[in-house]
Amino acid sequence: MTSTNPSSTTATRSVHPAVILGIVLVSYFMIVLDNSIVFTGLSRIRTELDFTTAGLSWVQTAYALVFGGLLLLAARAGDLVGRRRLFVIGLAIFSLASLSIGLAPTAEWLIASRAVQGIGSAILAPTSLALLTTTFPEGPARTRAVAAYGSTAGIGASLGLVVGGLLADVASWRVGFLMNVPIGAALLIATLVFVRETPRTGGRFDVAGAVTSTLGMTALVYGITRTADAGWTDPVALTSIAVGLVVIAGFIVIEWRAPQPILPLRVLADPVRGGAFLARMLFAGAIFGYFFFASQYMQGVLGFTPLLAGLGFLPMTAVQFALSLTVPRLTRRYGNSTLVATGLAITLAGMIWISFVSPDSDYWTALALPMLLLGAGQGMGFAPLTAAGVTRIELRDAGAAAGTVNVAHQLGGALGVSVMVAVATTGIIGTDPASIAAEASTGLATGAVLLALALTSALLLIVRRHRGQEPASSMANRGKDR
């Protein structure tokens with residue numbers, strides 16, 4: 001089915017572009033929705049499959065590690081084997097993994113299935129965006145399509161929290177994953193009927209880079225997470241951390257020498273971009289951890305049902321969505337780097353506030369009010385941080401830089417959750433409300449430390465370097481595009 005004729009792209013554009021856009025948006029919505037659904041189902045998953053707190057963190061961490069670790073390789077694979085073919089493979093893997101998760105009889109089965117689902121997401125995310133850009137030509141049509149793609153992420157994340165809670169409440173947390181099977185099957189049929197194959201390009205896979213990056217991060221995160229149950233002197237945990245660091249160092253050497261690396265090291269050489277990647281890892285880690293602990297606190301301490309827990313996040317998501325709409329105007333007025341620092345500072349204030357939760361706290365003062373700050377900080381900071389990650393990039397490295405932004409987000413989330421869980425569960429044993437509240441407080445305080453480090457990185461590497469180098473308007477346009 002693969003075509004090397006450039007006219008295949010033209011044909012794709014001329015045949016049912018609205019249907020192709022629908023396929024792309026529904027597939028991306030399915031990924032984002034699933035990522036949010038799991039948070040409000042965590043409490044029920046923990047009870048049903050007898051998870052420890054550290055074990056429960058792997059429900060999200062296993063997925064994020066594989067997703068982030070294979071993202072750059074999957075993006076490259078689309079160019080080499082054809083994007084439609086890879087899209088179909090990604091849909092099949094994601095749908096079958098969702099079925100396996102929905103039927104999971106044990107905790108280990110669930111974690112392994114989530115890792116496989118991460119493979120499907122790593123393929124679908126970059127391939128769906130690539131299909132969108134080949135379907136819609138440069139101009140207003142593509143602008144509208146990309147805007148719809150971006151809106152899908154925000155709507156899916158917010159809706160997923162509510163849908164996940166509703167399904168866990170009235171049916172089962174498993175339904176949220178099982179419903180991906182018929183949706184995925186319909187998308188597969190529609191893709192085979194309406195989407196034409198894209199031309200292949202020459203080149204090779206950087207398999208060694210993908211494997212070492214994923215294995216290195218997995219070993220590092222496993223070692224940190226293991227300390228939650230075994231302690232910081234556990235030899236297995238320490239060995240795993242050491243192995244992870246060594247393998248990551250090997251990944252850097254491989255990328256330095258590879259003729260076609262998945263991550264050209266020159267992408268990291270610019271201080272502003274490097275600072276943006278580092279700040280994003282820390283930022284995402286704190287936010288992933290926040291969802292992990294806040295969801296369990298609302299259900300395990302405040303007695304919320306999963307549905308109420310999902311609705312409980314709405315103050316944050318509503319403010320985040322509203323503030324994100326003002327980013328282009330704010331960037332033109334104040335500059336990109338100022339928004340990055342301000343967004344991080346506001347998020348840090350909210351995380352410090354929410355870290356004071358206790359068994360006697362009430363929702364409105366301990367959670368809802370600081371959520372307004374968390375939402376404002378994210379809405380103001382994430383898009384400008386994305387723009388900083390692709391600033392002053394050469395055309396040949398534009399894809400790698402954009403991919404690295406997503407990798408930093410996913411791997412940062414996995415690493416952040418593992419660190420917050422390891423610190424939170426040290427010396428705390430139990431699933432009673434007092435223990436859950438103590439874990440949440442300590443974990444969220446650790447998230448505040450991560451945000452403080454992110455803010456420091458931004459001030460030293462982004463704000464100071466940007467000052468006087470670039471007019472705010474140019475950065476505003478980048479933020480708007482993203």
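No hydrogens, no waters, no symmetry mates; every other heavy atom, side chains included, goes into these values.
A donor-acceptor distance shorter than 3.5 angstrom exists from the side chain of Thr40 to the backbone of Gly165, with no hydrogens or angles considered. Between the side chain of Thr191 and the main chain of Leu187, a donor-acceptor pair closer than 3.5 Å is present. In this structure, Gln296 contributes its side chain and Val301 its backbone to no donor-acceptor pair below 3.5 Å. For Ser100 (side chain) and Leu96 (main-chain N/O), no donor-acceptor pair under 3.5 Å exists by modelled atom type. For the pair Glu197 (side chain) and Arg85 (backbone), a donor-acceptor distance under 3.5 Å is present. Side-chain atoms of Thr212 come within 3.5 Å of backbone N or O of Gly209 as a donor-acceptor pair. The backbone N or O of Leu374 sits less than 3.5 Å from a side-chain atom of Gln378, completing a donor-acceptor pair. Judged by distance alone, with hydrogens and angles left aside, the side-chain atoms of Ser361 form a donor-acceptor pair with the main-chain N or O of Ser358 at under 3.5 Å.
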Do Leu314 and Val162 pass the side chain to side chain contact (heavy atoms under 4.5 Å, CB included) test, and can you show the C-alpha distance, the side-chain angles, and the key distance before you say yes or no? CA-CA 9 Å; Leu314 287 181; Val162 178; 4.2 Å; yes
Apply side chain to side chain contact (heavy atoms under 4.5 Å, CB included) to Thr135 and Leu21, showing your working. CA-CA 8 Å; Thr135 299; Leu21 177 61; over 6 Å; no
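For Phe288, the ring-ring contact (aromatic ring centres under 6.0 Å, His included) partners at least two apart in sequence or on another chain are His409. Every residue two or more places apart in sequence or in another chain was checked for a side-chain hydrogen bond (donor to acceptor under 3.5 Å, both in side chains) with Thr225, and none qualifies. With sequence neighbours excluded, no residue forms a side-chain hydrogen bond (donor to acceptor under 3.5 Å, both in side chains) with Ser441. Residues satisfying the side-chain hydrogen bond (donor to acceptor under 3.5 Å, both in side chains) test with Glu439, not counting sequence neighbours, are Thr53. In terms of the side chain to side chain contact (heavy atoms under 4.5 Å, CB included) criterion, residue partners of Thr127 (sequence neighbours excluded) are, by chain and number, Arg83, Leu86, Phe87, Ile123. With sequence neighbours left out, Ser240 forms a side-chain hydrogen bond (donor to acceptor under 3.5 Å, both in side chains) with no residue at all. Every salt bridge (Lys or Arg N to Asp or Glu O under 4.0 Å) that Arg226 has, sequence neighbours left out, goes to Asp234. By the side chain to side chain contact (heavy atoms under 4.5 Å, CB included) test, Leu411 pairs with Leu65, Met217, Val407, sequence neighbours left out.
Of all the heavy atoms in Gly416 and Leu450, the pair that sits closest is CA-CD1, 4.1 Å. In terms of heavy-atom proximity, Gln410 sits nearest to Ala64 at O-CB, 3.6 Å. Of all non-hydrogen atoms in Pro384 and Asn336, the two that sit nearest each other are O-ND2, 2.9 Å. Considering every non-hydrogen atom in both Ala54 and Val421, the closest pair reads CA-CG1, 3.8 Å. The minimum heavy-atom distance between Ala210 and Leu70, with the atom names listed, is CB-CD2, 4.4 Å. Taking all atoms of both residues into account, the shortest heavy-atom contact from Val319 to Ala376 is CG1-N, 3.5 Å.
Residues Tyr297 and Leu444 fail the side-chain proximity criterion, which asks for heavy atoms closer than 4.5 Å. Residues Met298 and Val357 fail the side-chain proximity criterion, which asks for heavy atoms closer than 4.5 Å. Between Met420 and Val449, the closest side-chain pair of non-hydrogen atoms is not below 4.5 Å. Within the 4.5 Å cutoff, the side chain of Leu159 has no heavy atoms near those of the Ser36 side chain.
Residue pairs meeting the side-chain hydrogen bond (donor to acceptor under 3.5 Å, both in side chains) criterion with at least one partner in residues 161-188, sequence neighbours excluded, are Asp34-Asn180, Glu48-Trp173, Glu48-Arg174, Ser98-Asn180, Asp169-Thr305. Screening residues 58-70 for side-chain hydrogen bond (donor to acceptor under 3.5 Å, both in side chains), with sequence neighbours left out, gives Asn35-Gln60, Gln60-Arg114, Tyr63-Ser121. For residues 424-445, there are no ring-ring contact (aromatic ring centres under 6.0 Å, His included) pairs, not counting sequence neighbours.
By the 6.0 Å contact criterion, CH2 on Trp232 is enclosed, its count of non-hydrogen atoms from other residues, nucleotides or ligands being greater than 12.
Phe313 and Tyr290 have perpendicular rings, their planes meeting at more than 60° on a 0 to 90° scale where under 30° would count as parallel.
Side-chain contact, Ser324 with Gln320: no donor N or O sits under 3.5 Å from an acceptor N or O.
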Could you tabulate the donor-acceptor pairs under 3.5 Å formed by side-chain atoms of residues 341-354, not counting sequence neighbours?
from: Thr342; atom 1: OG1; to: Thr338; atom 2: O; distance (Å): 2.7
from: Thr347; atom 1: OG1; to: Gly343; atom 2: O; distance (Å): 2.7
from: Trp353; atom 1: NE1; to: Thr365; atom 2: O; distance (Å): 3.3

